[in-house]
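One structure below.
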Amino acid sequence: MAAVAQCVRGALRPRLPLLSVALRTSPRLLCAATQQKNTGQNLEEDQSQSQNEQKVEPSSAEKLLAEEKAKLEEQLKEVTEKYKRALADAENVRQRSQKLVEEAKLYGIQSFCKDLLEVADILEKATESVPKEEIKDENPHLKSLYEGLVMTEMQIQKVFKKHGLLRLNPVGAKFDPYEHEALFHTPVEGQEPGTIALVSKIGYKLHGRTLRPALVGVVKDA
C-alpha cells in the first residue's frame, strides 16, 4: 500500500496541493479511476477497430445481395438479347412475306400469260403465211383479213407490254442459257461463234423473268 501511495504522489507532485492531499487519503480511488480511464480507452479502441473491420469486410447479407444483383443483371442481359433476336426474326419474316406478296402480284398471271402466248403465236404464223404480193386492192377480202390480223397482233402485244410481258427475238445476240434454248448449232460465215443465227420460236419475259425461252439456232466454229 505504501508503495502505491508513493507512486501516486510522485505522479501528481506538480499538481495542486489540495489534490495531492486528497489523493494521499484515497490512493485506491485514484488507482481505480486510472484503471477505469484505461478500460474506457481500450473499449473505445476496440469499438473503433470493430467498426473499421465492419467497413472493410462486408456482411454476409451484403454478399448475398451482391450475388443476387449479379444474377439479375445476367438474366436481364439474356432477356434483352433474346428480345433483340426475336425482333430481328420478326422483321425478316415480315420482309419475306412482303416479298412473296409482291411476287404474287407480279407473277400471279404467268399461267394466264402462257396460255395467251399460244394465241399470239398463231396470229404471228397467220400473218406470216399470207403472201405479201397478194395483198393488193384487187384482193380486198384478203387485204382486209390481213390488216385485221396485223391489228389484232399489235393490240395483243400492247396488252402484253402493259402487264410486263415482253418478246424475246434475239437474232444476232449472244446466246444466254437463261433466256434461250438452243435447238442446233451450225457454222455461219461472217458471224461470230456463240451468237444466235436463227430464231425458231419467239420467247417472252414477264417482269424480267424468263417465262418462255426463245428456241434458237446458235453459230459454231466452222
Please round to the nearest 0.5 Å and tell me the distance separating atom CG of Leu117 and atom CD1 of Ile202.
11.0 Å
Pair up each side-chain donor or acceptor in residues 69-82 with any protein partner under 3.5 Å, not counting sequence neighbours, and list the distances.
residue, atom, partner, partner atom, Å
Thr80, OG1, Leu76, O, 2.7

Does any part of the side chain of Leu211, heavy atoms only, come nearer than 4.5 Å to the side chain of Lys205, both counted from C-beta?
no
Hphob cluster co-occupancy, Met154 + Leu168, side-chain heavy atoms under 4.5 angstrom
no
Verify the neighbour count for atom NZ of Lys132: are there more than 12 heavy atoms of other residues, nucleotides or ligands below 6.0 Å?
yes
When rounded to the nearest 0.5 Å, the distance separating OG of Ser200 from CZ of Phe184 is 7.5 Å
Quick check for you: to the nearest 0.5 Å, what is the distance between Ile122 atom CD1 and Thr152 atom OG1?
13.0 Å
Ile156 reachable from Leu165 in the ILVMFWY side-chain graph, under 4.5 Å edges:
yes
side-chain contact (heavy atoms from CB on, under 4.5 Å) involving Glu91 - partner list, sequence neighbours excluded
Arg94, Gln95
What do the steps show when you test Asp121 against Arg212 for salt bridge (Lys or Arg N to Asp or Glu O under 4.0 Å), and what is the final call?
CA-CA 12 Å; Asp121 292 340; Arg212 188 182 75 182; 2.7 Å; yes
Nearest heavy-atom neighbours spanning His207 and Leu106
CD2-O, 3.4 Å
Do His163 and Cys113 have side chains that get closer than 4.5 Å, going by heavy atoms?
no
Is it true that a side-chain atom of Thr127 and a backbone atom of Val150 form a donor plus acceptor pair closer than 3.5 Å?
no
Nearest-0.5 Å distance, CG of residue Leu87 to CG of residue Asn92
11.0 Å
Solution key, residues 186-199 side-chain donor-acceptor pairs under 3.5 Å, sequence neighbours excluded:
residue, atom, partner, partner atom, Å
Glu192, OE2, Lys174, NZ, 3.2
Thr195, OG1, Glu192, O, 2.6

Residues Val218 and Phe175: closest non-hydrogen pair is CG2-CD1, 3.6 Å
Is there a path of hydrophobic side-chain contacts, each under 4.5 Å between heavy atoms of I/L/V/M/F/W/Y residues, joining Val216 to Val171?
yes
Can the positive tip of Arg167 be found less than 6.0 Å from the middle of the six-membered ring of Phe160, inside 45° of the ring normal?
no
Output, in order, the C-alpha distance, side-chain angles, deciding distance and verdict of side chain to side chain contact (heavy atoms under 4.5 Å, CB included) for Leu65 and Glu68.
CA-CA 5 Å; Leu65 288 174; Glu68 189 67 22; 5.6 Å; no
Applying a strict under-4.5 Å side-chain criterion to I, L, V, M, F, W and Y, I'd like to know whether Val119 and Val130 cluster together.
no
Separation of Lys136 NZ from Glu134 CD (nearest 0.5 Å)
6.0 Å
With rounding to the nearest 0.5 angstrom, report the NZ to CD1 distance, Lys114 to Ile109.
12.5 Å
For Tyr204 and Gln157, work out which heavy atoms get closest and say how close.
OH-NE2, 3.1 Å
